[in-house]
Amino acid sequence: MNKIDTDQMHEIIVQLKNNNMDVFDEFYELTKRQVHIAILSILKNKTMTEDVMQDTYLKFLNNIHKYKEKTNVVAFIVTIARNLAINIYNKQKKETFYDFDQYEDTYHEKTNETPLLDIVYETLENEELEVFILHVIDDLKHREIAKIMNKPLGTVTWLYNKAVKKVREKVGKENE
């Protein structure tokens, strides 16, 4: 995965703050994966995830003035995404009891292109998966993840270490 260039992202944010929406597509392309994973890990439904992604980017644009310069914009937008997804999850939980096993196929489609990622999705539980993805794929620091997830730093570190241990064990078993 390509790392997001901080200077490039800063320039995009400046342009967006100045209502130059020509750079929005570039911003979307740089952040969509992180936002999608954050939402999907909570809702476990592709259709709902796509709806919340749209709401996330609209809310981001409406609140861009709240973004503090030189802070992690990915953490900012992922926080918005998580909050929206959690709100929908909680509302949904009050309305209906869902059997999440029936949504397993929509949660992650196997591909031959990413066998290790397939193992990660199969092996890890929700919070472990979210911490693992945010740290390994999105390159966020544990401190940033703790803030996004509203959890103590020690809990995030523990979840990450637990996730790594589970993945190592699973990869070891698959290679026997």
Side-chain angles (χ1 to χ4, degrees), residues 1-4 28-57 59-60 72-94 96-176:
M1 174 173 181
N2 297 335
K3 303 279 187 216
I4 296 175
Y28 178 80
E29 288 302 317
L30 289 169
T31 58
K32 70 180 179 183
R33 183 175 178 154
Q34 295 91 329
V35 172
H36 187 266
I37 289 170
I39 298 167
L40 189 61
S41 68
I42 294 167
L43 298 179
K44 295 176 184 44
N45 179 295
K46 279 188 176 182
T47 305
M48 289 174 57
T49 295
E50 291 167 7
D51 291 343
V52 174
M53 280 187 71
Q54 289 177 2
D55 293 343
T56 297
Y57 284 98
K59 189 166 185 172
F60 171 79
N72 188 335
V73 71
V74 174
F76 182 73
I77 195 162
V78 165
T79 300
I80 292 171
R82 279 182 44 78
N83 289 340
L84 289 172
I86 289 168
N87 288 344
I88 287 174
Y89 174 80
N90 288 336
K91 182 179 175 185
Q92 190 180 42
K93 195 167 59 172
K94 289 177 187 172
T96 310
F97 292 100
Y98 283 99
D99 179 8
F100 280 71
D101 292 336
Q102 74 184 7
Y103 294 110
E104 195 168 313
D105 293 337
T106 61
Y107 178 52
H108 178 69
E109 294 176 2
K110 280 191 160 199
T111 65
N112 292 330
E113 298 170 12
T114 57
L116 184 56
L117 203 51
D118 290 337
I119 290 171
V120 168
Y121 277 102
E122 291 170 3
T123 306
L124 301 180
E125 295 173 20
N126 292 346
E127 287 185 333
E128 297 164 347
L129 176 64
E130 190 170 3
V131 169
F132 188 86
I133 296 291
L134 288 171
H135 183 68
V136 173
I137 294 180
D138 297 339
D139 200 33
L140 295 178
K141 293 176 177 39
H142 287 182
R143 190 171 310 284
E144 293 170 321
I145 298 168
K147 186 175 179 183
I148 289 170
M149 295 181 71
N150 197 25
K151 295 213 176 286
L153 178 61
T155 301
V156 170
T157 303
W158 176 77
L159 285 167
Y160 177 74
N161 289 333
K162 185 177 169 188
V164 169
K165 183 178 178 183
K166 281 183 170 182
V167 170
R168 280 186 183 146
E169 288 173 2
K170 182 75 172 182
V171 168
K173 288 179 183 174
E174 301 237 339
N175 287 331
E176 287 180 353

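Just the heavy atoms: all of them, side chains too, but no hydrogens, waters or symmetry mates, feed the values below.
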>> Checking Ile88 against Leu84 for the side-chain contact (heavy atoms from CB on, under 4.5 Å) test, could you report, in this order, the C-alpha distance in whole Å, the side-chain angles of both residues, the deciding distance, and whether it holds?
In response: CA-CA 6 Å; Ile88 287 174; Leu84 289 172; 5.5 Å; no
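Remark: Thr79 OG1 to Asn150 CG distance equals 9.5 Å, nearest 0.5 Å. Note: Thr31 OG1 to Met53 CE = 7.5 Å, rounded to the nearest 0.5 Å. Atom CD of Glu50 sits about 10.0 Å away from atom CD1 of Ile39, to the nearest 0.5 Å. Separation of atoms CG (Leu159) and CD (Glu125) is listed at 9.5 Å; rounding is to 0.5 Å. Rounded to the nearest 0.5 Å, atoms CD (Glu127) and CD1 (Ile42) are 9.5 Å apart. Interatomic distance, Tyr28 OH to Ile77 CD1, rounded to the nearest 0.5 Å: 10.0 Å.
Using a 4.5 Å heavy-atom cutoff, the side chains of Tyr160 and Val136 are in contact. Asn126 is listed as a side-chain neighbour of Lys44, based on a closest heavy-atom distance under 4.5 Å.
Within a 6.0 Å sphere centred on NZ of Lys147, heavy atoms belonging to other residues, nucleotides or ligands number 12 at most.
Pairing each heavy atom of Leu140 with each of His135, the nearest pair is O-ND1, 2.9 Å. The heavy-atom pair separating Val74 from Asn72 by the smallest distance is N-OD1, 2.9 Å. Closest heavy-atom contact between Leu30 and Gln34: O-OE1, 3.4 Å. Taking all atoms of both residues into account, the shortest heavy-atom contact from Leu43 to Ala85 is CD2-O, 3.4 Å. When all heavy atoms of Val35 and Val78 are compared, the pair lying nearest together is N-CG2, 4.4 Å.
Using cut-offs of 30° and 60° on the angle between ring planes, the pair Phe60 and Phe76 is perpendicular.
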